[in-house]
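Structure record follows, encoded as structure tokens.
One-based numbering along the sequence shown.
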Amino acid sequence: IEGTRTRVIDIAIEYEVLGRSPDEIIRSHPHVSLYQIHDALSFYYENRDELDQKIKQDQEFITRLKLNFPATMACVYG
């Protein structure tokens, strides 16, 4: 999201996977406005296939890191 360190993917995961409402997402990211949340979700749905692929790649990367560095990743990602 422009002007923040929050990615559209982060908002989409919170909404789609974690089932959080836009108001709940704002509580997690108080620097993001409701307008930006809705804009991010709109962008996600318009580009869902591409962004879902990016989410999958990120998850696979984290899985590989956990396998290669189990002690370090346990401290970081519990």
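For the side chain to side chain contact (heavy atoms under 4.5 Å, CB included) test, no residue two or more places apart in sequence or in another chain qualifies with Arg5. With sequence neighbours excluded, the residues satisfying side chain to side chain donor-acceptor pair (under 3.5 Å) with Asp58 are Arg7, Lys54. Applying the side chain to side chain donor-acceptor pair (under 3.5 Å) test to His38 and every residue at least two apart in sequence or in another chain returns nothing. Taking the side chain to side chain donor-acceptor pair (under 3.5 Å) definition, one finds that Tyr15 meets it with nothing, sequence neighbours left out. For Ser28, the side chain to side chain contact (heavy atoms under 4.5 Å, CB included) partners are Glu14, Arg20, not counting sequence neighbours. Partners of Glu16 by side chain to side chain donor-acceptor pair (under 3.5 Å), not counting sequence neighbours, listed by chain and number: Tyr45, Arg48. Take Leu51 and apply the side chain to side chain contact (heavy atoms under 4.5 Å, CB included) test, not counting sequence neighbours, and it matches Val8, Ile9, Phe43, Tyr44, Asn47. Every residue two or more places apart in sequence or in another chain that forms a side chain to side chain contact (heavy atoms under 4.5 Å, CB included) with Glu46 is listed here: Ser42.
Put simply, CG on Asp10 and CD1 on Ile1 are 8.0 Å apart, with the number rounded to the nearest 0.5 Å. The CG atom of Leu41 lies 7.0 Å from the CD1 atom of Ile11; values are rounded to the nearest 0.5 Å.
A donor-acceptor contact shorter than 3.5 Å links the side chain of Gln36 to the backbone of Ser33. Here the side chain of Asn68 pairs a donor or acceptor atom with the backbone of Arg64 at under 3.5 angstrom.
Note: the hydrophobic cluster containing Ile55 also contains Val17 (ILVMFWY, side chain heavy atoms under 4.5 Å, direct or indirect links).
One side chain, His31 or Thr6, offers a donor N or O that lies under 3.5 Å from an acceptor on the other.
Enclosure of atom CD in Glu50 is not indicated, since only 12 or fewer non-hydrogen atoms of other residues, nucleotides or ligands lie within 6.0 angstrom.
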_Show, in sequence, the C-alpha distance, side-chain angles and deciding distance for Val32 and Ile25, and conclude whether the side chain to side chain contact (heavy atoms under 4.5 Å, CB included) test is met._
CA-CA 9 Å; Val32 178; Ile25 295 170; over 6 Å; no
